[in-house]
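Accompanying notes for the structure given below.
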Amino acid sequence: MDIPRIFNITESAHRIHNPFTPEKLATLGVALRLESETRVLDLGSGSGEMLCTWARDYGIIGVGIDMSRLFTEQAKLRAEELGVTDRVEFIHGDAAGYVADEKVGVAACVGATWIGGGVAGTIELLAKSLRSGGIILIGEPYWLQLPPTEKVAKGCFAGSISDFLVLPELLASFGNLEYDVVEMVLADQEGWDRYEAAKWLTMRRWLEANPDDDFAEDVRAKLTSEPKRYATYTREYLGWGVFALMAR
Ligand code: SAH
């Protein structure tokens with residue numbers, strides 16, 4: 001079981017697999033006023049940066065599930081590096097339908113809401129692991145400005161304009177699900193650049209190391225087209241943020 005290989009190549013050097021910088025991740029931890037020993041569940045935990053740094057900085061106890069074998073391995077190494085192996089556990093697996101044995105104070109899905117079939121389904125899934133009064137974290141894109149055409153939406157790798165909302169509508173949509181938005185931390189263009197541009201050097205290095213790989217042609221084509229695509233579409237039209245929710 002694994003995610004499509006292209007992500008394991010392009011994001012192999014990422015610690016954070018979304019447009020958040022380490023500073024934004026720390027800001028989110030502070031914003032949530034995390035207390036030590038709080039249990040945190042993270043569906044689609046990637047390379048584990050959120051749980052590992054929050055375990056180090058705020059003393060949380062974390063469980064992360066991720067379908068990428070590589071990212072899960074990296075998460076375990078990061079836990080060792082930060083000296084938090086006694087506080088965090090990383091499981092390689094499909095997080096769809098995953099419910100924690102023990103209820104958590106924070107249940108998160110940060111940039112992987114397809115796991116629950118979309119934002120509403122993911123909130124419903126996370127709620128099953130949440131203790132009463134706990135916080136749900138959803139990391140999700142939104143339109144900075146509505147794309148004028150479907151072509152522009154596709155340029156942002158959205159299936160269509162309707163895949164995402166503008167920020168006020170996204171915030172209102174949580175209310176429609178009977179959740180209060182109690183905090184939010186938004187990515188900025190600098191964070192987007194770190195997330196997207198870091199893939200380019202990784203692709204270039206991978207191509208140099210793997211010239212005869214079956215995938216080399218695809219990766220070459222992507223490296224050639226990505227900088228312009230990113231600057232034309234994603235960087236101009238797509239926002240991203242983490243939203244903290246509490247049931248009303
Ligand atoms: N939350 C992490 C990773 C976000 S990227 C971070 O912010 O760094 C999306 C992640 O979802 C990837 O790590 C990918 O491997 C994982 N993923 C995709 N489908 C999944 C599934 N069905 N179950 C668990 N993880 C999944």
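Reckoned from all heavy atoms, side chains included, excluding hydrogens, waters and symmetry mates. Every number for a ligand or one of its atoms is a count from 1 in the order of the listing.
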**Request:** For atom 26 (C) of ligand 1, state which one of Arg69, Met67, His92, Met1 supplies the nearest heavy atom.
**Result:** Met67

**Message:** Given the ring of Phe157, does Lys154 sit roughly above its face, with NZ or CZ under 6.0 Å from the centre of the six-membered ring and within 45° of the axis?
**Reply:** no

**Item:** Residues Asp101, Arg39: salt bridge by 4.0 Å N-O rule
**Value:** no

**Message:** Apply salt bridge (Lys or Arg N to Asp or Glu O under 4.0 Å) to residues Lys24 and Glu190 and explain how you reach the verdict.
**Reply:** CA-CA 11 Å; Lys24 292 278 182 183; Glu190 173 61 26; over 6 Å; no

**Message:** Less than 4.0 angstrom from a charged side-chain N to a carboxylate O is my criterion; do Arg204 and Glu208 meet it?
**Reply:** yes

**Message:** Walk me through whether Glu81 and Arg78 qualify under salt bridge (Lys or Arg N to Asp or Glu O under 4.0 Å).
**Reply:** CA-CA 5 Å; Glu81 191 179 14; Arg78 187 68 173 145; 3.0 Å; yes

**Region of Ile115 engaging ligand 1 - heavy atom pairs below 4.0 Å** = side chain

**Message:** His17 versus ligand 1: do any nitrogen or oxygen atoms come within less than 3.5 Å of each other?
**Reply:** yes

**Message:** I need the nearest protein heavy-atom contact for atom 22 (N) of ligand 1: residue, atom name and distance, please.
**Reply:** Asp94 OD1, 2.8 Å

**Message:** Evaluate Trp114 for polar contact with ligand 1, using N/O atom pairs at a separation under 3.5 Å.
**Reply:** yes

**Message:** Donor-acceptor check, side chain of Ser45 to backbone of Gly48, threshold 3.5 angstrom: yes or no?
**Reply:** no

**Asked** For ligand 1, is there an N or O atom under 3.5 Å from any N or O atom of Ser45?
**Response** no

**Prompt:** What's the shortest distance from atom 23 (N) of ligand 1 to any protein heavy atom, and which residue and atom give it?
**Reply:** Ala95 N, 2.8 Å

**Asked** Centroid-to-centroid, Phe20 to Trp240, below 6.0 Å?
**Response** yes

**Shortest reach to atom 7 (O) of ligand 1 by a heavy atom, considering only Asn18, Thr113, Leu70** = Asn18

**Asked** With a cut-off of 4.0 Å, which atoms of ligand 1 are near a heavy atom of Ala112?
**Response** 9 (C), 11 (O)

**Message:** Once you measure the plane-to-plane angle for Tyr230 and Trp192, does it fall in the parallel (<30°), tilted (30-60°) or perpendicular (>60°) bin?
**Reply:** tilted

**Asked** Which heavy atom of the protein is the closest neighbour of atom 4 (C) of ligand 1, given with residue, atom name and distance?
**Response** Val110 O, 3.4 Å

**Message:** Against ligand 1, does Phe20 come closer than 4.0 Å with any heavy atom?
**Reply:** no

**Message:** If the test is side chain to side chain donor-acceptor pair (under 3.5 Å), which one of His17, Lys76, Glu11 qualifies with Ser47?
**Reply:** His17

**Request:** Considering the heavy atoms of Ile16, write down every atom of ligand 1 situated less than 4.0 Å from one of them.
**Result:** 8 (O)

**Prompt:** Hey, is Cys109 one of the residues with a heavy atom under 4.0 angstrom from ligand 1?
**Reply:** no

**Message:** At less than 4.0 angstrom from any non-hydrogen atom of Phe71, what atoms of ligand 1 do you find?
**Reply:** 13 (O), 15 (O)

**Message:** Show me which atoms of ligand 1 lie under 4.0 Å from any heavy atom of Gly93.
**Reply:** 23 (N), 24 (C)

**Six-ring centre of Tyr179, Arg248 cation under 6.0 angstrom, axis tolerance 45°** = no

**Prompt:** Does ligand 1 have a heavy atom under 4.0 Å from the side chain of Ser68, from its backbone, from both, or from neither?
**Reply:** both

**Complete:** Of Leu137, Ile3, Val242, Asp66, the residue with the heavy atom nearest atom 12 (C) of ligand 1 is Asp66

**Asked** Is the backbone of Gly46 close enough, under 3.5 Å, to the side chain of Asp66 for a donor and an acceptor to pair up by distance?
**Response** yes

**Identity of the nearest option to atom 2 (C) of ligand 1, non-hydrogen atoms only, from Ala75, Gly111, Gly44, Pro4** = Gly44

